[in-house]
Amino acid sequence: MGDAGSAQRIRPIDLGLNEDPNKLRKQEPPEFLLEAVRELSKALDKYKISVLTHDEVCAWTVPVPMIANEFGEIDDQLFIQESDGQQRVRRAAVFLITRALSYRHFIVIEDESAYAVSLEAKRGFRESYQPNLKIALGDYINGTSEFDWVDKIIGGLYVVYTSLRKWF
């Protein structure tokens with residue numbers, strides 16, 4: 001809605017979160033992320049790893065973006081069926097893994113067996129993970145990856161390592 005008497009349909013509104021900011025910092029990772037966080041924490045001496053995704057609900061994840069096909073249909077795989085029969089949007093976490101001049105997005109998508117992939121974080125998109133999250137989500141929906149997420153971490157870290165070896 002615009003200001004009274006204006007043709008604008010949008011009016012700025014300040015929203016405040018009814019959350020204690022310290023609460024989010026203390027949150028444990030969701031269950032689907034536990035193994036990934038455990039494995040990533042083993043590499044903290046070699047890599048700088050930071051969580052890029054968080055919102056007012058969770059300090060670790062965000063809801064996946066809604067992706068529609070050419071007919072405007074939203075894929076059912078973007079949702080999770082809760083035990084009470086309700087559906088909710090699947091969540092994802094994106095970590096930025098840095099070593100020297102190499103940057104990777106490690107993306108974990110919520111599932112019974114978490115789906116994970118490591119993609120290059122291109123210049124200008126290191127902190128902005130959305131393009132890579134959409135790529136990973138498309139691969140998840142299409143089932144293009146058959147590897148377990150641990151293999152993907154190792155593969156992603158190996159790519160970083162081999163890139164760095166070429167420079168030194």
Side-chain angles (χ1 to χ4, degrees), residues 1-3 6-19 23-24 27-37 39-40 49-98 102-157 159-160:
M1 288 186 269
D3 292 331
S6 80
Q8 279 189 319
R9 297 185 53 119
I10 300 172
R11 179 177 5 174
I13 298 174
D14 290 331
L15 296 177
L17 297 178
N18 192 14
E19 290 286 334
K23 176 185 172 196
L24 292 179
Q27 275 186 358
E28 291 295 317
E31 189 173 326
F32 81 93
L33 267 185
L34 290 175
E35 192 173 354
V37 169
E39 290 300 318
L40 288 171
I49 301 172
S50 55
V51 180
L52 297 181
T53 47
H54 58 83
D55 64 13
E56 65 275 4
V57 176
C58 182
W60 295 90
T61 65
V62 293
V64 297
M66 293 294 105
I67 298 175
N69 65 17
E70 63 272 11
F71 304 109
E73 300 166 333
I74 296 175
D75 197 294
D76 287 339
Q77 291 186 56
L78 298 177
F79 300 93
I80 287 188
Q81 188 84 22
E82 296 280 21
S83 58
D84 63 0
Q86 296 291 317
Q87 280 192 335
R88 68 169 174 80
V89 176
R90 196 173 295 279
R91 296 187 72 82
V94 180
F95 299 87
L96 179 63
I97 300 175
T98 307
S102 182
Y103 301 88
R104 309 270 317 161
H105 284 147
F106 180 67
I107 301 166
V108 183
I109 298 173
E110 181 180 19
D111 204 345
E112 286 181 28
S113 175
Y115 176 90
V117 65
S118 174
L119 299 170
E120 179 185 359
K122 296 190 185 224
R123 180 181 222 149
F125 291 99
R126 292 183 184 138
E127 300 295 323
S128 176
Y129 57 84
Q130 289 84 358
N132 274 347
L133 179 55
K134 286 182 180 178
I135 291 168
L137 197 53
D139 289 348
Y140 170 77
I141 289 169
N142 295 322
T144 57
S145 179
E146 300 173 7
F147 300 108
D148 189 35
W149 74 267
V150 173
D151 295 330
K152 291 179 186 178
I153 289 177
I154 293 168
L157 295 177
V159 168
V160 171

Roughly how far, to the nearest 0.5 Å, is the OH atom of Tyr140 from the CG atom of Leu133?
12.5 Å
Passes side-chain contact (heavy atoms from CB on, under 4.5 Å), Ile135 versus Val117? Steps please.
CA-CA 10 Å; Ile135 291 168; Val117 65; over 6 Å; no
Inter-residue atom distance Asp139.CG - Leu119.CG, 0.5 Å rounding:
7.5 Å
Nearest 0.5 angstrom please: Phe95 CZ to Tyr129 OH, how far?
12.0 Å
Under the side chain to side chain contact (heavy atoms under 4.5 Å, CB included) test, which residues partner Val89, sequence neighbours left out?
Pro63, Val64, Met66, Phe79
By side-chain hydrogen bond (donor to acceptor under 3.5 Å, both in side chains), Arg91 pairs with (sequence neighbours left out) Asp55, Thr61
Check step by step if side-chain contact (heavy atoms from CB on, under 4.5 Å) holds for Asn132 and Ile107.
CA-CA 8 Å; Asn132 274 347; Ile107 301 166; 3.9 Å; yes
Using side-chain heavy atoms (C-beta onward) and a distance below 4.5 Å, is His105 in contact with Leu96?
yes
So which pairs with a foot in residues 66-77 pass salt bridge (charged side-chain N to carboxylate O under 4.0 Å, His left out), sequence neighbours left out?
none
What pairs with Glu120 under side chain to side chain contact (heavy atoms under 4.5 Å, CB included), at least two apart in sequence or on another chain?
Arg104, Lys122
For the CD1 atom of Ile109 and the CG atom of Leu78, what is their distance to the nearest 0.5 Å?
9.0 Å
dist Gln77:CD -> Tyr115:OH (nearest 0.5 Å) comes out at 10.5 Å
Got a sec, which residues hit salt bridge (charged side-chain N to carboxylate O under 4.0 Å, His left out) with Glu31, two or more places apart in sequence or on another chain?
none
Can you list the residues that meet the side-chain hydrogen bond (donor to acceptor under 3.5 Å, both in side chains) rule with Gln130, with sequence neighbours excluded?
Ser128
With a sphere of 6.0 Å drawn around CD of Glu112, does it hold more than 12 non-hydrogen atoms of other residues, nucleotides or ligands?
no
At what distance, to the nearest 0.5 angstrom, does CD1 of Ile141 lie from NZ of Lys134?
11.5 Å
